[in-house]
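Read the structure below first, then the notes.
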There are 2 protein chains.
Amino acid sequence: MRISDGVEWAVHVCGVLAAAPKGQGVPGLKLAEFHELPPAYLAKQLQALSRAGIVAADRGVKGGYRLARAPSDISLLDIVLAIEGTGPVFRCTEIRQRGPCPTPPAACRRICPIARAFLAAEAVWRTSLAGVSIAEMNRAAAAESFDDKRRHQFEAWIADAAR
Amino acid sequence: MRISDGVEWAVHVCGVLAAAPKGQGVPGLKLAEFHELPPAYLAKQLQALSRAGIVAADRGVKGGYRLARAPSDISLLDIVLAIEGTGPVFRCTEIRQRGPCPTPPAACRRICPIARAFLAAEAVWRTSLAGVSIAEMNRAAAAESFDDKRRHQFEAWIADAAR
DNA sequence: TCCAATTCGGACAATTTGTATCCGCTTTAA
DNA sequence: TTAAAGCGGATACAAATTGTCCGAATTGGA
Ligand code: SF4
Ligand code: SF4
């Protein structure tokens with residue numbers, strides 16, 4: 001049970017896009033270059049973000065990716081669900097209905113205590129991730145690891161990358 | 001990001017063992033038969049439970065598996081960690097230290113806000129799973145899906161399976 | 001208007017991970 | 001001594017993940 005690398009990439013990319021000039025798009029190639037990621041594979045993750053309505057994509061020579069909504073309105077959970085899919089982590093194969101002493105179908109109308117416990121645990125996990133937004137993380141990251149020099153370096157880079 | 005089938009199997013097996021006669025062991029073959037599971041693969045999961053100290057294994061002709069501690073002292077989290085491993089779900093590849101605008105190593109002493117958020121979410125997930133024990137789930141399952149006839153059927157089966 | 005440059009999009013292959021099985025070994029009770 | 005049972009490693013098989021490619025769509029200028 002491990003989380004895909006694409007989730008980490010997507011979170012970082014959204015952080016960069018949140019800091020990009022309003023109304024301008026950043027090409028996927030530039031985003032890949034920023035973190036030294038495989039461009040073609042990152043493009044696939046960006047497609048998933050686009051399908052989920054988290055980023056918007058403009059094609060053509062002045063195209064690129066930009067956030068589809070405000071950074072404060074995009075949570076970690078949104079990104080995880082976009083990349084990993086919305087299905088539950090624990091999925092039941094109904095083995096209780098098999099074997100020499102099966103649970104009768106009538107008793108299987110409601111999910112069993114085991115599945116309930118896993119769903120409840122996933123619910124609090126999702127709630128926790130839903131509570132932190134891109135905007136908050138960018139603010140925290142800037143305060144912790146940006147000095148004036150690096151901030152200027154970043155702004156120069158993104159001014160060149162944005163279209 | 002999905003959870004292994006072996007976890008579901010292990011939880012069910014622990015539930016069966018909790019209902020077995022005290023002091024007697026149930027062979028792995030019988031446990032596989034009860035849920036119609038592939039015997040060889042279930043045996044591997046049982047090894048993991050044994051290594052984690054959740055079940056105890058007795059070898060030899062009167063051997064079998066039995067719970068290593070009280071059912072009320074075995075949580076869902078214990079089983080998940082035994083089967084899936086204890087590593088974190090989200091593991092960072094430190095991509096922030098690469099590319100044209102890297103985070104300086106000095107600022108990477110503490111984990112970043114992104115990783116913190118994921119670790120916090122996993123912590124509440126684990127806490128939730130740690131709060132439900134095998135004993136509680138067996139009690140709930142019995143109340144929901146056991147009538148007198150099925151209870152007798154189950155006790156007859158396990159009396160024959162236990163050694 | 002048409003063409004060339006640029007970019008996203010989905011289909012496709014390669015790699016890694018997880019699933020499942022088997023067999024020899026040790027241990028134990030009869 | 002023998003039969004039953006768990007342990008561990010070696011080995012095939014299936015699936016998900018990772019990674020790459022080429023075509024469709026859009027823009028801007030000739
Ligand atoms: S009893 Fe619960 S965990 Fe087991 S197969 Fe049914 S729903 Fe899944
Ligand atoms: S900044 Fe955070 S999420 Fe990104 S690579 Fe570093 S620790 Fe991981």
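Any value given below was found using the heavy atoms of this structure, including those in side chains, with hydrogens, waters and symmetry copies removed. Labels below follow one simple rule: chain letters A, B, ... track the order of the sequence lines, proteins then strands, and each chain is numbered from 1. In this text the structure is predicted, and so the values were computed from the model without any measurement.
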Looking only at atom types and distance, does a side-chain atom of Ser50(B) sit under 3.5 Å from a main-chain N or O of Leu46(B), one as donor and one as acceptor?
no
Whole angstrom value for the distance that separates C1' of dG6(D) from CG of Leu49(B):
14 Å
Is the closest basic N to carboxylate O distance between Glu122(A) and Arg126(A) below 4.0 Å?
yes
Categorize Ala40(A) for me: base, sugar-phosphate, or nothing, with a 4.0 angstrom heavy-atom threshold over every strand shown.
base
Tyr41(A) side chain N/O closer than 4.0 Å to the phosphate oxygens (OP1, OP2) of dC12(C)?
no
Distance check needed: dA15(D) C1' versus Arg91(A) CZ, whole Å only.
12 Å
By nearest heavy atom, map Val61(B) and Asp5(B) onto DNA chain C; which one lands nearer the 5' end?
Asp5(B)
Should Arg51(A) be listed as having a side-chain N or O under 4.0 Å from OP1 or OP2 of dG10(C)?
yes
Taking only the side-chain nitrogens and oxygens of Arg163(B), find out if one of them lies under 4.0 Å from OP1 or OP2 of dA5(D).
yes
If you go through the side-chain atoms of Gln47(B), does one of them form a donor-acceptor pair with the base of dG8(D) closer than 3.5 Å?
yes
For the side chain of Lys62(A), starting at C-beta, report the closest nucleotide among dG28(D), dG19(D), dT26(C).
dG28(D)
If you go through the side-chain atoms of Lys44(A), does one of them form a donor-acceptor pair with the base of dG10(C) closer than 3.5 Å?
no
Within the side chain of Gln153(A), is there an N or O that forms a donor-acceptor pair under 3.5 Å with the backbone of Pro102(B)?
no
Arg2(B) side-chain N/O to dT19(C) phosphate OP1/OP2 under 4.0 Å
yes
Between CD1 of Ile3(A) and P of dA16(D) the distance, given in whole Å, is 17 Å
Using OP1 and OP2 only, check whether a side-chain N or O of Ser50(A) sits under 4.0 Å from dC8(C).
no
Report the residue (Pro27(A) or Gln45(B)) whose heavy-atom-nearest nucleotide on DNA chain C is the more 5′ of the two.
Pro27(A)
Taking the inter-plane angle between the rings of Phe118(A) and Phe90(A) on a 0 to 90° scale, is it parallel (under 30°), tilted (30 to 60°) or perpendicular (over 60°)?
parallel
Residue-phosphate contact under 4.0 Å: Ser4(A) side-chain N/O, dT18(D) OP1/OP2
yes
Have a look at Gly28(B) and say if it touches a base, only the backbone sugar-phosphate, or nothing, with a 4.0 Å heavy-atom cut-off.
sugar-phosphate
Minimum-distance pair of heavy atoms, taken over all atoms of Leu17(B) and Tyr65(B)
CD2-O, 3.5 Å
Is Gly64(B) touching bases, backbone alone, or none of the nucleic acid, heavy atoms closer than 4.0 Å?
sugar-phosphate
